[in-house]
S.K.: 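One structure is given below, represented as structure tokens, and several questions about it will come after.
In what follows, chains are A, B, ... by sequence order, proteins preceding strands, each numbered from 1. No hydrogens, no waters, no symmetry mates; every other heavy atom, side chains included, goes into these values.
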Amino acid sequence: MAIDKDSSKRPANTAFKQQRLKAWEPILTPGPVIIAFIVIGIVFIPIGAAIISASNKVLEHVIRYDDNPNCQLGQKCTINYTLPTEMESPVYLYYKLDNFYQNHRRYVKSRNDDQLRGIEVTDFSKLKDCEPLITTDGSEDVNKILVPCGLIANSVFNDSISIADASGSLINFNKSGIAWQSDIDKKFKNYPANGVGVINFSNFEDEDFIVWMRTAALPDFKKLYRIYHGDNGALSGTIQIRIDNKYPVASFDGKKYVVLSTTSWIGGKNPFLGYAYIIVGIICFVQGVVFAIKHKISPRVLGSPKYLEWNK
Amino acid sequence: MEPFDRIVNKILKKKTKSSPKTVYININNNNINNNNNNVNNNVNNNVNKSCKKKSNWISTTKYSIVSFIPKNLFEQFRKFTNLYFLGILILSWLPVSPLTPGPSSINLGIVLLINAIKEGYEDFRRYQSDKRTNFQKCKVLEINNDNNNLISKFWKDLKEGDIVLIENGNCFPADLILLASSGESSPGQCFIETSNLDGESNLKYKQALLDINNKIIEKQQQQQQQQQKQLIDNCNISNIKFNEKSIIECEGANLNLNKFDGSIQLFNGDDYKTEKLPLTIEQLLIRGTRLMNTNHIYGLVVYVGHETKYMLNTMSTPTKRSKLEKTMEKILLYLFGAQLLLCLFSTFMGLRFDLKFQKGSWYLEIPTNFSMTTFTRYFTFLILFSTMIPISLYVTMEIIRFLQVLSINKDKKMCFRNSLETFKILQQQQQQQQQQQQQQQQQQQQQLQQQLSPKEIEETFAEARTSNLNEELGQVEYIFSDKTGTLTKNEMVFKICSINGNIYGELPNDNDSIKSTTSINEIDDIVENSSLEEIQQHQEEQQFEKTIDLSIKENLEFIIILAVCNTVLPTIVEEENEIFNHNQLKTIDIGCDIIKNNNDFKINYSSSSPDETALVEAAYNLGIKLYSKTPNSITVYIGVTGEFKTFKILNIIEFTSDRKRMSIILQDQDLNQIILYSKGADSSILPLLDNNENNNNIDEINLGINSDITNNNNNNNNNNNNNNNNNNNNNNNNNNNNNNNNNNNNNNNNNNNNNNNNNNNNNNNNNNNNNNNNNNNNNNNNNNNNNNNNNNNNNNNNNNNNNNNNNNNNNNNNNNNNNNKINNNEDENEILLKKSKESLKLFSSNGLRTLCITKRLLSDDEYLQWSRLYKEASLSMIERDIKMEMVSKQIETKLILLGITAIEDKLQDNVSTTISTLIKAGMKIYILTGDKVETAITIGLSCSLLKGLQLLILNDFKSIDSLLLKINSFIEKIEEKSSSSSSSHTSKKDEEEEEVENEEFGLIIDGSTLTILLMSKECEDKFYKLTTLCKSIVCCRVTPFQKSEVVRLVKDRTNSITLAIGDGANDVSMIQKAHIGIGISSGKEGRQAVLASDFSIAQFEYLSRLLLVHGRYNYKRLSLVICYFFFKNLSSCLLQFWFAINNQFSGTTYYDSINSMLFNLSFTSLPIIVVGVLERDLRPSILLKFPQLYKDCQNGKSFNHKVFWSWIILSMYCSAVVYFLSIFIFDENHSTHRDGRMGGLRNQSSFAFSALVFVINFKLIMLVKRWTFLTYLSFGITFSFFFVVQLVYSSIHIIFGYRGDYYHTFFQVLKAPTFYNSLIIVLFVSLLPPFTIQFIKRNYFPNSLDIVQEIQKFNLYNNNNNNNKNNNKV
């Protein structure tokens, strides 16, 4: 038998291969777990409270207008609304749609990003995403290409909303800043006015359009419409909401709202997160206390061999 | 895929079982055709046909360059998941797809690529080694009509019928028939080394047919004389003319390395032809072996390329797949079904929404052909939910297993350090010398031995030869173990012998057996009581004659037989210094100079059988030195007279495991006598003895292997258990007594306080041995000793003394009976035989391996008559084995028993602790051995397998019916016992425990009974039922086939995992049959078992670590990996499903394809790999202390339906939490940003996806029990990689086909403080419940694992042994 002196056959005595890596081997013993539960409870409840208070500071007014008898489809109307408290600027004006499925698969994919970047797209295979609205009549005629194509771009919300104070003079709500800057910078560019196709409108850099094109995740959604930067001081008292109602929603049981809202560090009014924190915190705390009591009353001896199944 | 492979293999195998073939010698065809056009046309045609068909090209590769891609792809797509994802990929290119097709193709591509690279690399390695082999050169004799030339050819160009010249040290390029050898030592002989084939490094010789050899050599010599210039080694056989009619007829190519049947007939031109001569394995040089110590040989190629026995044997063994993997695949199918249902449901829901909203939702312009949209939507969902099936599971598992194998292979705790072989031989010799000169030099020798500590150490590591079964090791329930070489060291030491009824030598040291059978506590007690000294004293008293007086004629003859009757090959070491240098070994033939200083030489013996080596070495130490051996003669140096004695070998009838004996027929040239010496197992020898025929029954009674008697015994047994001592029963024989004794032992062992009794037990044993053996006319054999001994024990246990007397009486009666019968023809031989049998029992009950040595004088006529028959049989082509055996039997009769040898084979280190650990771990151990029943029981006791068990013995049944009856009665008996114990539940706990211990049974069955048993299915069923009731099973006298049949018997009837462990070729079938095969790699019986095995370990003791530590770890790890994969994939899939509720089941994707691809590929993959390799819940040392923990794994607790479903439920819960919390927090009605902007779908899904990745990873964090820096690192890398990818992905607004859907999304999300708050709350809400459940379970409903973890954590295990200090701080 030959002696194998080949060193490669002898393994390097690494900790890895010998499974001797230094290791921390935690197990869930009652002490640390109880402490952790209680600590978490103590930390979470104030955080929850902070979030709720932030949310409570946010003033939000939601006014439905499509069911208002004065505001039938195709009519212009004015709704008087009294703000119970002052709204410090900035105040954000939203429109809100219910039961509108912007997240439907047919809808979400029905756009052409190149076209929206102001590029003339004539290749029908590339326009396929815009189905079912590629051309005006469904034929493959380059000149009949819809600009912009697709379901999203062709169902842009077109009610116009403006706010006036009690005296009837319009309050200056700004349009700029309602869309994400990244969208404005990179994703939307005006379509050439003499480009091919049937041009519905070519002003793709319009922020209302950009906001609409950013599809919502859920069927009930609101979209930012205008921002009041406080030119006339805080909003207060009665305001007139003037609406030009053009957008049909009744056919799919939709609802339309105007929303006025301020923000805080957590954004809009949403106490849910705060409640979640408080509930989790309380559960943790209670669990911690219960386990602690149980542990005090009848502690189980850790590692006692009498609990081993084969010793029972 | 499995059945397909099997069919292919079957077809292949059928082909290889080809019919006998005929090989024609290759002649340079051109010349022949020119010259002999008319003469031999027909023959030539035949020749051409046969030549064309096969070349010696071998290829072990699976693929070629051309076929690699298609074939590999085909192979890979036979995997269900891959095929499934191919289908998904094809769908995703269609417009129905909600995802962009690119990423999913990348995903599948990566999986396929990793696999292809691995396969390709392995195949390339194979190709390279093939190429090296194929392009080796060898010399081929080109036979022309006028002149023969030696030409050089590549191996691959060899053809059947070529004659090749092989020089010393070269390997054989194909299977060759040895035609002629340069034969320095004796004509026609050559030596080969077969280490490539079976790992045996000893030289074996092969023998050419002398007729042919001489013919060729003659020609050579003539030629030399003529030309007078050629040297011997440059011989040329150019003058030999082989006619193309020269043929070899032989059996078709097959796997059997030990058998070859054929015949050869040579035609030499027109003038000469040989008769048809038989070819056997003796003439076959197998490819892969190497020519040694022989200048050159000529060989005729018979099998080439893939027909060679080497290639047939290296054909891959069928791949085994683990139980876990099979279960996993089943679950995959369930998941697939579940997915289809989910898709159907979603499609239906989608249709409902379509119908509802079709008219009103003008902005969606929903088409009216619902059947079409529904149809396509089904496939949309199929793609959307395809992540339910984990695509990367197989790849990940393979990576993990590969790394796991590393840790098995490199485990230093499973590394066997062995001194060099030569040292071992030295030590053995020293031991033997010690035996010789014991009286004077005992102490000196011991010192010497200690000084001889080995300088060079050979390290043998465990080796996982397949990575498919890592986790299977964690679920073993049945262990089938070979004995010799597996449990024992297979270091045979000649211990004791009986010559003519006189016993020489000593029984094995009792100190050792105490150490091996008692636990540490007991040893402590022994030391305390200082009873060790007593034991030693007793030992000194018990002595047989130590030296064998060689002046007695019988003794001398006996020792000479030891030296002669074997197949050992002596090699002489010229100088003592070279003893370490094996390569320099050289065989020496008589007539060499070295003989002159005959006292200086050292001889090394090499043999495939350690027993034979031990016997020859024993003879050597007694001064009878086997000096040299040629095929026709044996020379022995006789130290007493100082002369050499040469025998002529007439025949050797070789050992086979069926015959269990070997014989040699010699001609003593001094006395001109023909003698047959035969040695073998007693069962095969005793019936053949000269005076035996009339007394068969008596013999069997004496040996206690008569079926009727066994029946009685067991009846008695029942009686005994009822405390009725059956004094009247004359047939109360040893087996029965054994049973009783073991009961008693059992009682002793139960009480920890009874250690003293055990000591006494041993003392008594010694006493009895002394008494009995000193009085040669004592009728008691060793079993009686045991009885006495144990009965003494009974005394200690306040059992009645009568037992003792009764037993003695019984035995006396028994013997009297025998004596009466024997009286009829009592003569010296009878007494001798009886004595021999007694010593046989004595030896075997001490765990020694016994062999009977017999001889028979043959008259010339008788021999001539027989040798003709023998030759005829050896020539026959059909059923040669059987015919040979029949003929052999004719001569092996009327043998005269000369004596008995006993060889000790010590147990390996820690065998008994290992076995008791494994038993504690819930494994059922079968020992399958070729030994006698008594030997097997002794070994079973000493390795604590049968310790404390009531033994049930099944042997020597003549019919199935009686066997069935017996088995049924055993079953009833055991069931009665268990029912009675359950009914007496009210009794005190202590008592009950004792009873329970009593009721455990050990079963012993022998080979002949197994043969009957295996004939009927019903019997097998019953037997299996019986084995389930017994604690351990020992099968004695089993053949290799029976070994595998026993494995099959159990494997077919249980879902449990079976493991077979063995070291020799006889274990191969068993190893391949069991779920897991383990080979002992430090064994002395070659590497065949290792080559056939799935894992190899160096020593039996490492088995417990391999199973309890590595097996358990790997099983738990892979279970976790599989569950975790299902969990994470299902979670990501369900997230899409929840979203579908909010989008009219229209099939919108929630997160985009890039994220969805990376989710599997990198966001959740690295930590689980690290955990799969490094995770462990307990340290190895603890696991070995608490082997009971293994039972959980056996029961499959880490991966079963309950576990699986709990993961599924968790997955539903977690994904629901992630989705619904995100839609409540990242609500479309509330801005998450201070600037009032709304996020939209992308922001929400980006958050939900991040939350999902965090939840999935934190779930794993919760589970990890062992945090190494690699674990930290893997999580660190994963999280940072996640953020990097999100950030990079968010900063790309246009690239290739991608149009920036995700542009800036993650930045926007990160800007909102809500993101961080929400992430934390999602994590807590989703993981708090499982965490709390985990905590409550472990603290208020702890299982053993939890407790042991605490024991480990607080280092309680030292106290645990004493069961005292349970109180510890919390």
Side-chain angles (χ1 to χ4, degrees), chain A residues 1 3 10-11 17-19 21-25 27-28 30-31 33 92 101 103-108 113 132 151 155 180 182 186-187 214-224 251-252 263 265-270 272-273 276-277 280 287 299-305 307-310, chain B residues 98 201 357 360-365 406-407 410 412 421 456 1142-1144 1146-1148 1188 1223-1225 1227-1234 1236-1238 1240-1241 1244 1265-1268 1293 1299-1300 1303-1304 1313-1314 1317-1318 1321 1324-1325 1335 1338-1339 1342 1344 1347 1349-1351 1353-1354 1356 1360 1366 1370:
Chain A
M1 192 171 280
I3 312 158
R10 287 190 190 154
K17 284 173 182 166
Q18 297 302 315
Q19 300 249 331
L21 293 176
K22 271 183 192 160
W24 176 52
E25 293 167 337
I27 57 171
L28 298 179
V33 171
Y92 300 92
Y101 283 85
N103 60 8
H104 197 282
R105 177 162 173 255
R106 283 180 69 78
Y107 195 78
V108 167
D113 285 314
L151 287 173
S155 57
W180 293 96
S182 54
K186 299 286 183 192
K187 293 173 94 169
R214 195 177 181 92
T215 50
L218 299 171
D220 301 345
F221 60 88
K222 66 180 184 184
K223 286 192 179 289
L224 188 54
S251 62
F252 52 87
T263 58
W265 59 273
I266 59 152
K269 190 182 187 73
N270 190 358
F272 178 83
L273 186 59
Y277 262 97
V280 171
Q287 275 182 356
R300 180 174 68 81
V301 179
L302 290 184
S304 160
Y307 293 111
L308 293 173
E309 272 153 30
W310 52 90
Chain B
S201 55
F357 287 98
S361 301
W362 52 268
Y363 56 93
L364 293 176
E365 300 202 356
L406 281 186
S407 77
K410 305 298 181 193
K412 283 224 157 171
E421 191 95 336
E456 299 257 11
N1142 279 333
N1143 65 31
Q1144 296 187 1
S1146 58
T1148 318
Q1188 292 93 335
I1223 65 166
F1224 281 122
I1225 297 164
D1227 187 350
E1228 286 299 318
N1229 285 322
H1230 307 99
S1231 172
T1232 48
H1233 287 70
R1234 186 156 210 152
R1237 291 183 182 114
M1238 300 304 300
L1241 177 58
Q1244 194 198 75
K1265 300 251 168 50
R1266 181 178 182 230
W1267 285 88
T1268 63
H1293 65 96
R1299 286 295 173 265
Y1303 181 62
H1304 257 253
T1314 317
N1317 287 328
S1318 320
I1321 207 71
F1324 268 88
V1325 174
F1335 173 78
R1338 92 159 288 132
N1339 280 290
S1344 303
I1347 302 293
Q1349 279 177 346
E1350 286 163 9
I1351 289 172
K1353 175 120 184 163
F1354 300 114
L1356 298 179
N1360 191 42
N1366 295 333
V1370 174

S.K.: Please rank A/Asn270, A/Asp113, A/Ile266 by heavy-atom pairs under 4.5 Å with chain B and give me the top one.
M.R.: A/Asn270

S.K.: Quick check for you: among B/Asn1339, B/Ile1223, B/Val1325, B/Thr1232, which has the greatest number of heavy-atom pairs under 4.5 Å with chain A?
M.R.: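 Heavy-atom pair counts peak at B/Asn1339.
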
S.K.: As an exercise: rank B/Asp1227, B/Ile1225, B/Asn1229, B/Asn1142 by heavy-atom pairs under 4.5 Å with chain A and give me the winner.
M.R.: B/Asn1229

S.K.: Shorter than 4.5 Å, heavy atoms on both sides: which option in A/Lys223, A/Gln287, A/Glu25, A/Lys269 has the most such pairs with chain B?
M.R.: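 The candidate making the most pairs under 4.5 Å is A/Glu25.
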
S.K.: Measuring heavy-atom distances to chain B, does A/Tyr92 have an atom under 4.5 Å in its side chain, in its backbone, in both, or in neither?
M.R.: side chain

S.K.: Can you say whether A/Tyr277 sits under 4.5 Å from chain B via the side chain, the backbone, both, or neither, judging by heavy atoms?
M.R.: both

S.K.: Among A/Pro132, A/Pro219, A/Gly267, who wins on heavy-atom pairs under 4.5 Å with chain B?
M.R.: A/Gly267

S.K.: Out of B/Met1238, B/Glu1228, B/Gln1349, which one racks up the most heavy-atom pairs below 4.5 Å with chain A?
M.R.: B/Glu1228

S.K.: Identify the heavy atoms of A/Leu151 and B/Glu365 that sit nearest to each other, and give their distance.
M.R.: CD2-CG, 3.8 Å

S.K.: Need one label for B/Phe1324: side chain, backbone, both or neither, based on atoms under 4.5 Å from any heavy atom in chain A.
M.R.: side chain

S.K.: Within the distance-only criterion (no hydrogens, no angle test), does the side chain of A/Arg106 pair as donor or acceptor with the backbone N or O of B/Leu364 below 3.5 angstrom?
M.R.: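 Yes; at least one donor-acceptor contact below 3.5 Å.
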
S.K.: Under 4.5 Å, counting heavy-atom pairs only, tell me which of B/His1233, B/His1304, B/Gln1244 racks up the most with chain A.
M.R.: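 With the most close heavy-atom pairs to chain A, the winner is B/His1233.
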
S.K.: Between B/Phe1224 and chain A, which part of the residue has a heavy atom less than 4.5 Å away: side chain, backbone, both or neither?
M.R.: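 B/Phe1224 touches chain A through backbone and side-chain heavy atoms alike.
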
S.K.: Could you pull out the closest heavy-atom pair between A/Ser251 and B/Gly360, with the gap in Å?
M.R.: OG-O, 2.8 Å

S.K.: Counting distance only, does the side-chain N/O of A/Trp265 pair as donor-acceptor with the main-chain N or O of B/Thr1314 below 3.5 Å?
M.R.: no

S.K.: Using the side chain to side chain contact (heavy atoms under 4.5 Å, CB included) rule, take A/Arg300 and A/Leu302 through it: C-alpha gap first, then chi angles, then the decisive distance, then the call.
M.R.: CA-CA 6 Å; A/Arg300 180 174 68 81; A/Leu302 290 184; 3.7 Å; yes

S.K.: Taking A/Thr263 for the side chain and B/Gly1236 for the main chain, is one N or O donor matched with an acceptor at less than 3.5 Å?
M.R.: no

S.K.: Verify the distance criterion only: is there a donor paired with an acceptor across the side chains of A/Tyr107 and A/Ser155 at less than 3.5 Å?
M.R.: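 Present: a donor and an acceptor within the cut-off.
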
S.K.: If you count heavy-atom pairs under 4.5 Å between each of A/Asp220, A/Leu224, A/Leu218 and chain B, which one has the most?
M.R.: A/Leu218

S.K.: Please flag which part of A/Lys187 lies under 4.5 Å from any non-hydrogen atom of chain B: side chain, backbone, both or neither.
M.R.: side chain

S.K.: Please confirm whether A/Phe252 and B/Tyr363 have ring centers closer than 6.0 angstrom.
M.R.: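 A/Phe252 vs B/Tyr363: aromatic centres under 6.0 Å.
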
S.K.: Using modelled atom types and a 3.5 Å cut-off, is there a donor and acceptor pairing between side-chain atoms of B/Ser1231 and backbone atoms of B/Arg1237?
M.R.: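 Checked: pair present.
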
